[in-house]
Amino acid sequence: MGESRKLAVSWRDGACSIRGFDSFDLHTTCQCGQAFRWVRAGNAGQLEEGVVQGRFLRLEQRDAELVVHPPADDETIAVVVDYFRLRQSHTAVEASIAGIDPTMAAAVDSARGLRLVAQEPWECLISYIVSANNSVAQISRVVENLSRAWGKPIGSSSRYSFPAPGDLECASQADVLTCKAGFRSRSICEAARRVARGELDLNAVTAMDYHAAKQELIRLRGVGEKVADCVLLFSMGKFEAFPVDVWIERVVRHLYFGGEKTSQRDIREWAADKFGDLAGYAQEYLFAYARLAIPDRLRSG
DNA sequence: AGCCAGGACACGA
DNA sequence: TCGTGTCATGGC
């Protein structure tokens with residue numbers, strides 16, 4: 001999992017072209033349900049628009065080339081490269097997982113080029129508090145509502161930055177409820193207060209090892225093992241995390257436990273033993289594999 | 001009308 | 001420790 005690839009970056013007409021990365025699929029990565037602010041632009045093709053670190057990004061993949069549409073300054077390119085971990089040799093990760101057994105080979109085949117993106121911990125935390133007993137489409141809607149209500153407008157993009165902890169702390173629970181956050185509104189407000197007041201330091205949590213960090217996150221209302229694992233995996237670089245949701249529970253039970261009902265705890269232990277350091281990547285391919293049976297229109301957002 | 005969605009939590013046995 | 005009802009909200 002070393003970050004060693006050398007990328008080639010070139011500009012033309014204000015757009016920037018990044019080359020030199022290996023296995024990467026923009027659309028698969030943006031629409032797999034790990035991040036909630038990406039919108040596919042156009043019906044087909046590889047064009048995605050999203051907001052990362054307060055920047056509006058308009059990205060287009062042309063095979064082995066990733067185009068960052070204007071404005072594409074040095075800092076924006078750095079944000080894109082870090083977010084998608086483009087310096088990481090992903091072919092090796094996929095080969096390693098596919099080599100585990102035929103089922104995992106099929107799972108990797110179903111979503112080749114799927115990356116684990118490096119989200120911002122604060123936004124990721126709130127997003128996954130919102131995710132509880134919710135659909136991907138609805139989560140995206142609520143995150144966008146929160147941004148529109150308390151974030152800052154980004155140029156002429158019609159999009160808004162995700163609100164900082166201090167900005168969200170100003171919101172009342174009733175205000176958050178108007179964003180359609182439902183019963184999660186109280187959890188959102190409490191998390192905002194604790195982070196804004198420095199009672200919870202997400203950078204410090206990121207620096208902890210997996211188990212210590214998880215224990216810390218779970219102290220928050222609305223954060224159980226599954227949500228904590230998502231935050232750890234999608235924003236804190238803890239690749240051993242294996243979030244167990246209803247989809248993972250179903251697909252693992254069916255593919256590996258002969259259809260017998262298995263506790264989430266058993267599945268987590270099984271995954272840690274079977275996948276080790278790559279459990280998080282294995283989980284994402286299994287998640288994509290499981291959801292493949294569902295018609296595309298249900299996932300488009 | 002009823003079930004489900006990238007669950008968490010309080011409760012009771 | 002393990003199962004169960006409940007929590008908003010929208011799509012099917």
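Nucleotides B:dC3 and C:dT4 place their P atoms 15 Å apart, quoted to the nearest Å. Remark: the separation of the P atoms in B:dG2 and C:dG5 is 15 Å, to the nearest Å. For the C1' atoms, the distance from C:dG11 to B:dA8 is 23 Å, rounded to whole Å.
Rounded to whole angstrom, the span from the NZ atom of A:Lys180 across to the C1' atom of C:dG11 amounts to 15 Å. Note: CD (A:Glu144) to P (C:dT9) measures 19 Å, nearest angstrom. Atom P of nucleotide B:dC4 and atom CG of A:Asn134 are separated by 16 Å, given to the nearest angstrom. As a whole-Å value, the separation of A:Ile139 CD1 from C:dG11 P is 14 Å. Atom CD1 of A:Ile126 is separated from atom P of B:dA8 by 14 Å (rounded to the nearest Å). Rounded to a whole Å, the CG atom of A:Asn133 is 15 Å from the P atom of C:dG5. For A:Ile129 and C:dA8, the CD1 to P distance is 17 Å, given to the nearest whole Å. Atom CZ of A:Arg184 is separated from atom P of C:dC7 by 13 Å (rounded to the nearest Å).
Note on A:Leu220: only backbone sugar-phosphate atoms sit closer than 4.0 angstrom, heavy atoms only; bases stay farther off. Within the 4.0 angstrom heavy-atom criterion, no nucleotide atom of any strand lies near A:Val142. Counting any heavy atom pair closer than 4.0 Å across all strands shown, A:Gly33 reaches a base atom. Base contact: A:Glu284 has a heavy atom under 4.0 Å from a base atom. Using a 4.0 Å heavy-atom criterion, one finds that A:Leu177 contacts the sugar-phosphate atoms exclusively. Among the atoms of the strands shown, only primed sugar atoms or phosphate atoms (P, OP1, OP2) are found under 4.0 Å from some heavy atom of A:Glu225. Using a 4.0 Å heavy-atom criterion, one finds that A:Arg221 contacts the sugar-phosphate atoms exclusively. The residue A:Lys226 sits close to a base: some heavy atom pair falls under 4.0 Å. A:Arg186 comes within contact range of no nucleotide atom at all, as no heavy-atom separation falls under 4.0 Å.
Sequence neighbours left out, the pairs with a member in residues 4-24 of chain A that pass ring pair (Phe, Tyr, Trp, His ring centres under 6.0 Å) are A:Phe21-A:Phe24, A:Phe24-A:Phe84.
Each of A:Gln264 and A:Arg250 was assigned the nucleotide of DNA chain B with the nearest heavy atom; the assignment lying further toward the 5' end belongs to A:Arg250.
A donor-acceptor pair shorter than 3.5 Å cannot be found between the side chains of A:Thr178 and A:Asp175. Side-chain atoms of A:Gln31 and A:Glu48 include a donor-acceptor pair closer than 3.5 Å. Between the side chains of A:His69 and A:Glu60, a donor-acceptor pair is found at a separation under 3.5 Å. Between the side chains of A:Gln53 and A:Glu120, not a single donor N or O lies within less than 3.5 Å of an accepting N or O.
Less than 6.0 angstrom separates the ring centroid of A:Phe36 from the ring centroid of A:Tyr128.
Candidate nucleotides B:dA5, C:dA8, C:dG10 were compared by shortest atom distance to the side chain of A:Phe183, and C:dA8 ranks first.
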